[in-house]
Amino acid sequence: MNLFVSAIQWILDPANWVPGSQSPLPIQDRLAEHLLYTFVSVLIAAAIALPLGFYIGHTGKGRQFVISFTGAMRALPTLGVLFFLTMVLGYSMVGTTANFVGTMIALVLLAIPSILAGAYAGLESVDRQTIDSARASGMTEMQILTKVEIPLSLPLIIGGLRAGVLQVIATVVIASYVGLGGLGRIIASGIGLNDYDRILGGAILITVLALLIDGVFAVIQRLTATPGVGSARQTEQQSLRRRAHGPSTTVGTPIQEGKS
């Protein structure tokens, strides 16, 4: 408990926030780098995964392959991928550039599975009758995708982005292993100095940042939910339950009356 309090005191210490302090301080600089790495990698991952997920969810083609592919990508050791990429890229790029590009590729590979799964699962969750009605009304396939499927599946699509962002925020720490910045730099310096307050303080900062970003995405998911869709699905499920249990009650009543 004392270590936790000391770590909080280290975070709140104004000396650790003074601009121009010796690296890895000030904290706000490392925080800005952490957010920058996260934003760039998730943006690239979304540009790759969302169109592919929309195509799979709309057409149903390649679903099994993508499920297997994303499962394999989730098993990739991100740190091992980072070291491999920086070593290979180091032959053709300057050291710092190779480290940055390698880090971005490793983080993009980490974020793609969650974003891809959210995209195609979201489109698959749209009621087929709604899509058939849109098609029967004369809408083109692109109009069905952009005006029906994507708006109705936005909460799940954003949920995939949310999972990808949180994974990246937690993993950007590895950038410090190749000499880049981010909040992982604080933890790495704390390990080198045996400064447990700094180590725990860096971990707390990452945790708080992840919780704040998660809260923002939770609000966005709630705001993008289509009014009436959730309640309509719940009503349909209740109706199916009544239909399933209804016949047994109707048949059982006359039998009991006949016995009496």
Side-chain angles (χ1 to χ4, degrees), residues 1-19 21 24-46 49-50 70 73-74 76-79 82 103-104 106-119 121-122 153-177 180-191 195-225 230:
M1 186 63 183
N2 292 333
L3 180 60
F4 184 80
V5 173
S6 298
I8 297 296
Q9 291 175 345
W10 181 88
I11 294 173
L12 298 178
D13 187 354
N16 296 328
W17 297 83
V18 175
S21 299
L25 302 174
I27 294 175
Q28 65 267 26
D29 288 356
R30 305 291 80 80
L31 180 61
E33 292 169 347
H34 205 97
L35 290 173
L36 176 64
Y37 299 157
T38 301
F39 176 77
V40 172
S41 57
V42 172
L43 183 64
I44 297 172
L50 288 180
T70 54
M73 288 185 67
R74 292 178 191 274
L76 284 175
T78 307
L79 186 59
L82 171 63
T103 301
M104 290 300 102
L107 295 175
V108 166
L109 293 176
L110 175 68
I112 282 178
S114 297
I115 299 174
L116 180 60
S153 59
L154 264 181
L156 284 177
I157 295 172
I158 294 172
L161 286 167
R162 177 182 178 181
V165 169
L166 292 179
Q167 286 179 319
V168 171
I169 287 177
T171 313
V172 169
V173 175
I174 65 174
S176 63
Y177 284 90
L180 298 183
L183 294 173
R185 189 78 171 268
I186 295 176
I187 297 176
S189 68
I191 294 174
D195 188 342
Y196 298 108
D197 293 345
R198 181 174 295 193
I199 296 171
L200 184 56
I204 292 173
L205 286 170
I206 295 171
T207 303
V208 171
L209 178 62
L211 291 175
L212 289 175
I213 298 297
D214 184 60
V216 171
F217 273 97
V219 172
I220 295 174
Q221 275 188 283
R222 184 177 295 273
L223 293 176
T224 54

Practice problem: Assess whether side-chain contact (heavy atoms from CB on, under 4.5 Å) is satisfied between Ser114 and Arg162, documenting all intermediate values. | Solution: CA-CA 8 Å; Ser114 297; Arg162 177 182 178 181; over 6 Å; no

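- Between the Trp17 side chain and the Ile11 main chain, a donor and an acceptor come within less than 3.5 Å of each other.
- You'll find the side chain of Ile204 stays beyond 4.5 Å of the side chain of Trp10, heavy atoms only.
- Closest of all the heavy-atom pairs between Pro113 and Met73 is CG-CB, 3.7 Å.
- Between Leu161 and Ala46, the shortest heavy-atom contact is CD2-CB, 4.1 Å.
- Arg198 places no side-chain N or O within 3.5 Å of a backbone atom of Ser189 that could act as its donor or acceptor partner.
- Between Ala45 and Ile112 the shortest heavy-atom distance is CB-CG1, 3.9 Å.
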Practice problem: Report the C-alpha distance between Ile187 and Ile206 in whole Å, list the side-chain angles of each, state the deciding distance to 0.1 Å, and finish with yes or no for side-chain contact (heavy atoms from CB on, under 4.5 Å). | Solution: CA-CA 10 Å; Ile187 297 176; Ile206 295 171; 3.8 Å; yes

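- Separation of atoms OG1 (Thr38) and CD1 (Ile169) is listed at 5.0 Å; rounding is to 0.5 Å.
- Counting heavy atoms from C-beta outward, Leu25 and Ile27 have side chains that approach closer than 4.5 Å.
- Between Thr103 and Ala175 the shortest heavy-atom distance is CG2-CB, 4.0 Å.
- With Leu31 as reference, Leu209 is the one residue of Leu209, Leu205, Leu36 to meet the side chain to side chain contact (heavy atoms under 4.5 Å, CB included) rule.
- The two residues Ser176 and Arg185 come nearest to each other via the heavy atoms CB-N, 3.7 Å.
- Between Ile191 and Ile199 the shortest side-chain heavy-atom distance falls below 4.5 Å.
- Between Met104 and Val40, the closest heavy-atom pair is SD-CG1, 3.7 Å.
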Quiz item: Are Leu180 and Tyr37 close enough, and set up right, to give a side-chain contact (heavy atoms from CB on, under 4.5 Å), and what steps lead you there?
Solution: CA-CA 10 Å; Leu180 298 183; Tyr37 299 157; 3.7 Å; yes

Practice problem: Decide side-chain contact (heavy atoms from CB on, under 4.5 Å) for Thr78 and Leu109; before the verdict, give the C-alpha distance in whole Å, the side-chain angles of both, and the deciding distance to 0.1 Å. | Solution: CA-CA 8 Å; Thr78 307; Leu109 293 176; over 6 Å; no

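- In this structure, the side chains of Pro26 and Val18 stay at 4.5 Å or more apart for every pair of heavy atoms.
- Tyr177 OH: 12 or fewer foreign heavy atoms inside a 6.0 Å radius.
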